[in-house]
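Note sheet for the following structure.
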Number of protein chains: 2
Amino acid sequence: MDAMDWAILGELQADARLSYSELSRRVHLSAPAVAERVRRLEETGVISGYHAHVDLGRAGRTVRALIRMDCYGARCVLRHEEVLTQPEIVQVYRVTGDTCCLLVVALDSMAHFERLIDGLSHYGRPSSTMVLSSPVAWRPVTPLA
Amino acid sequence: MDAMDWAILGELQADARLSYSELSRRVHLSAPAVAERVRRLEETGVISGYHAHVDLGRAGRTVRALIRMDCYGARCVLRHEEVLTQPEIVQVYRVTGDTCCLLVVALDSMAHFERLIDGLSHYGRPSSTMVLSSPVAWRPVTPLA
DNA sequence: TGTGAAAGACGATCCCT
DNA sequence: AGGGATCGTCTTTCACA
């Protein structure tokens, strides 16, 4: 992971659809050399994937919330994968502290949200907070000073 | 936003670097037609970008935490953009409830984390929880049933 | 590792449907 | 709005440094 790798990562985090030739121009390296470095970043797992980001609001998911789950021991949602694979749940963090995990959910209506909460309450006590906005929706990973 | 748009969104969310020709094969449409639909999805903002995802652990960011900020009125971090642009902060949610926002942070050490907390405490009272793992790191957006 | 050249594939565009 | 043909560009592979 030298400066060249970080330069390539920076470009691909900003625009994953850049061609190797455009990438090679930006980082001042030949296209085959860039392609080889990208291949290795993928192989070693530094790059975990390339994803189009969909605007949740414009896709109809106007209701967003954070749900802290205080689970009932063995009935913990983390032990029931089928719960976590619901499309409404967009992120799950297992955390320390007095709750077992935090769910980030995005839905199309409050009614749908109410139904989700009802389903989750079988596994633990959900404590919800509505998301008003995301001042930082996502930030590229850079080497820390 | 018909079924074809959703099929294209599904493919590009799974692999943003797919070529139009490969995409056209997968959704059974000609390449120019696919390109035109993608262009419109970008223009209308449904697709907000294409990003390479970097594995935080393999990039040296081994410490992750969620920080709820209980801000001191006008000194709220949401009013101080320079605070939120720090590279350690990877996501920010403005939320309802008794705290003003939730920060998702990723750092290379606990010492660095301590310094971050110290800096934040100027703006409000930070309440932190460590992230153990992400059972669902990210999920593609699909039409809800 | 990185470069340069060559062959095949791909992306952009135009026109027609 | 989609399909087919075109041309310029890009990806990939190779030999070589």
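Below, chain A is the first sequence line, B the second, and so on; all start at residue 1.
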- Show your reasoning for whether side-chain contact (heavy atoms from CB on, under 4.5 Å) applies to A/V105 and A/R64. CA-CA 6 Å; A/V105 304; A/R64 273 190 301 166; over 6 Å; no
- Task: Check every nucleotide of DNA chain C for an atom under 4.0 Å from a heavy-atom of chain A, then give the first and the last such nucleotide from 5' to 3'.
- Result: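 The contact span of chain A on DNA chain C goes from C/dT1 to C/dG4.
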- Message: Quick check against the 3.5 Å criterion: does B/T96 have a side-chain atom that pairs as donor or acceptor with the backbone of A/M130?
- Response: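 Yes; at least one donor-acceptor contact below 3.5 Å.
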- Would A/R17 count as a cation-pi partner of B/Y20, with NZ or CZ less than 6.0 Å from the six-membered ring centre and within 45° of the ring normal?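 A/R17 over B/Y20 ring: yes.
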- Classify the nucleic acid contact of A/R39 as base, sugar-phosphate or nothing, counting any heavy atom under 4.0 Å across all strands shown.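 If one applies the 4.0 Å heavy-atom cut-off, A/R39 turns out to touch nothing in the nucleic acid.
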- Message: Base, sugar-phosphate or nothing for A/R17? Non-hydrogen atoms, less than 4.0 Å.
- Response: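 Answer is nothing: A/R17 stays at 4.0 Å or more from every strand.
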- Please say whether more than 12 non-hydrogen atoms of neighbouring residues, nucleotides or ligands are located less than 6.0 Å from CD in A/E81.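 Open.
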- Taking atom CZ of B/R94 as the centre, does the number of heavy atoms from other residues, nucleotides or ligands within less than 6.0 Å exceed 12?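 Open.
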Salt bridge check: are [X] and [Y] linked by an N-O gap of less than 4.0 Å?
| X | Y | result |
| --- | --- | --- |
| B/E42 | B/R39 | no |
| B/R40 | B/E43 | no |
| A/D2 | A/R37 | yes |

- Task: Report yes or no: do B/Q13 and A/Y50 form a side-chain donor-acceptor pair below 3.5 Å?
- Result: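 Distance-only check fails for B/Q13 and A/Y50.
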- Message: Roughly what angle, to 10°, lies between the helix axis at the start of the helix from C/dT1-D/dA17 to C/dT17-D/dA1 and the one at its end, five pairs per end?
- Response: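 The value is 30°.
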- Indicate for each nucleotide in nucleotides 3-10 of chain D, in 5' to 3' sequence, whether protein heavy atoms under 4.0 Å reach the base (B), only the sugar-phosphate (S), or nothing (-). BBB----S
- Query: Can you tell if the side chain of B/I8 reaches within under 4.5 Å of the side chain of B/R26, non-hydrogen atoms only?
  - Reply: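 SC-SC contact between B/I8 and B/R26 ruled out.
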